[in-house]
Amino acid sequence: MSSAVDSQKISSEFSVNMYDHDPGATTAIVTSPDGGTTLRTVDMSLWSRFFAMAMVTVPATGALTKLEIIAAAAATMASPEVIKDSGTLVADAVEDRARLECTAEEIAQIARTSGKRLRYAAARLTMSNAGGEAVVTYILGGGRYIGEDKTPDTVIA
């Protein structure tokens with residue numbers, strides 16, 4: 001028999017979301033299920049830590065060659081600044097993965113240096129084959145507002 005207790009230990013402290021990444025290109029694309037049309041971004045004014053992990057699901061030929069965390073003034077991610085860069089990767093098999101993390105302080109430092117108001121962050125992936133795909137997980141910690149259910153448990157359209 002399963003527990004009837006509704007635990008809120010992890011989901012009240014972190015937001016954890018998984019996204020399909022199907023870039024359809026060999027250029028750097030923000031996490032997106034549709035080639036960059038629908039961007040998966042986070043508002044860093046609400047969080048102090050951002051963790052991104054990408055796992056190859058369709059390697060095609062070459063697959064994941066770079067993972068970056070970028071930040072921009074708007075959720076459209078226009079004119080972003082690179083916060084973290086994995087360097088060259090050779091993630092060319094199913095379940096190969098890469099991860100990066102940063103803090104809001106790191107984003108603020110890059111904002112001061114660049115003269116931009118950086119508020120939104122995202123993972124940006126480069127695949128060496130337009131047919132390559134990945135699953136990207138975002139974990140956000142240090143939420144500005146304490147509460148329950150920071151991680152959605154329902155289907156998100």
Side-chain angles (χ1 to χ4, degrees), residues 10-58 60 63-89 91 96-157:
I10 295 173
S11 62
S12 66
E13 296 180 30
F14 301 96
S15 174
V16 181
N17 293 288
M18 295 177 67
Y19 302 111
D20 176 48
H21 181 66
D22 187 358
T26 58
T27 56
I29 303 283
V30 171
T31 303
S32 172
D34 53 15
T37 301
T38 306
L39 303 180
R40 304 304 187 196
T41 65
V42 295
D43 183 346
M44 288 302 293
S45 71
L46 304 174
W47 302 96
S48 64
R49 296 181 300 277
F50 177 45
F51 177 95
M53 178 183 285
M55 183 180 77
V56 175
T57 54
V58 178
L64 179 63
T65 59
K66 182 177 275 205
L67 174 64
E68 300 166 294
I69 292 177
I70 61 172
T76 60
M77 301 310 285
S79 190
E81 292 290 325
V82 175
I83 308 302
K84 292 286 178 90
D85 183 334
S86 69
T88 302
L89 299 171
D96 279 0
R97 61 195 78 170
R99 68 173 186 82
L100 291 173
E101 62 182 284
C102 72
T103 64
E105 289 83 9
E106 290 173 292
I107 293 172
Q109 175 61 41
I110 300 291
R112 283 189 294 276
T113 303
S114 68
K116 296 179 181 176
R117 299 185 67 132
L118 305 176
R119 177 174 172 173
Y120 295 88
R124 183 168 69 180
L125 290 73
T126 303
M127 309 295 272
S128 66
N129 183 300
E133 296 182 29
V135 169
V136 182
T137 301
Y138 286 7
I139 301 174
L140 299 160
R144 176 173 275 196
Y145 303 103
I146 305 290
E148 294 184 353
D149 291 325
K150 294 194 181 302
T151 300
D153 59 358
T154 57
V155 175
I156 299 172

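In this text, all values refer to a predicted model and were calculated from it rather than measured experimentally. Note that these values count all heavy atoms, side chains included, but never hydrogens, waters or copies made by symmetry.
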#### Entry: Distance, nearest 0.5 Å, that separates CG of D22 from CD of E133
3.5 Å
### Message
The test is side-chain contact (heavy atoms from CB on, under 4.5 Å); show your working for V136 and R40 and say whether it passes.
### Response
CA-CA 10 Å; V136 182; R40 304 304 187 196; over 6 Å; no
### Task
Go through I110 and T113 one step at a time and tell me if the side-chain contact (heavy atoms from CB on, under 4.5 Å) criterion holds.
CA-CA 5 Å; I110 300 291; T113 303; 5.5 Å; no
## Note on the structure
When every non-hydrogen atom of A72 is compared with those of P80, the smallest separation belongs to CB-CA, 4.1 Å
### Query
Shortest non-hydrogen contact from V30 to A122?
CG1-CB, 3.6 Å
### Query
Looking at side-chain heavy atoms only, is the closest gap between M127 and N129 below 4.5 Å?
no
### Message
Going by salt bridge (charged side-chain N to carboxylate O under 4.0 Å, His left out), name the residues that satisfy it together with D34, two or more places apart in sequence or in a different chain.
### Response
none
### Query
Stepwise, does the side-chain contact (heavy atoms from CB on, under 4.5 Å) test hold for K66 with T88?
CA-CA 5 Å; K66 182 177 275 205; T88 302; 5.7 Å; no
### Message
Let me confirm one number: the CD1-CG distance from I69 to D85, rounded to the nearest 0.5 Å.
### Response
10.5 Å
### Side-chain heavy-atom pair L140, M44 within 4.5 angstrom cut-off
yes
### Query
CG/L118 to CZ/R112 distance, rounded to the nearest 0.5 angstrom?
10.5 Å
### Message
Would you say S15 and Y138 are linked by a side-chain donor-acceptor pair, where the criterion is simply a distance under 3.5 Å?
### Response
no
### Message
Quick check: do R144 and S48 have side-chain heavy atoms less than 4.5 Å from each other?
### Response
no
### Minimum heavy-atom distance V58-G131, with the two atoms named
CG1-O, 3.5 Å
### Query
Less than 4.5 Å apart, any side-chain heavy atom of T27 and any of T126?
no
### Task
Taking all heavy atoms of P23 and all of I29, pick out the closest pair and write down the distance.
CB-CG1, 3.9 Å
### Message
Quick check for you: to the nearest 0.5 Å, what is the distance between K84 atom NZ and I107 atom CD1?
### Response
9.5 Å
### Query
If you look at every heavy atom in M77 and I70, which pair is closest and at what distance?
CE-CG1, 3.6 Å
### Task
Kindly write out the residues that satisfy side chain to side chain donor-acceptor pair (under 3.5 Å) with Y19, not counting sequence neighbours, or none if the list is empty.
none
#### Entry: Residues that R97 engages under salt bridge (charged side-chain N to carboxylate O under 4.0 Å, His left out), provided they are two or more places apart
none
### Query
Is E81 salt-bridged to K116, going by a charged N under 4.0 Å from an acidic O?
yes
### Query
Can you tell me how far OG1 of T137 sits from CZ of F51, rounded to the nearest 0.5 angstrom?
8.0 Å
### Query
When rounded to the nearest 0.5 angstrom, what distance separates CD1 in I83 from CD in E101?
14.0 Å
### Non-hydrogen atoms of T65 and S128 that approach each other most closely
CG2-CB, 3.5 Å
### Message
Tell me whether T31 contacts the main-chain N or O of A123 through its side chain, where contact means a donor paired with an acceptor under 3.5 Å.
### Response
yes
#### Entry: Residue pair V135, H21: steps toward the side-chain contact (heavy atoms from CB on, under 4.5 Å) verdict
CA-CA 6 Å; V135 169; H21 181 66; over 6 Å; no
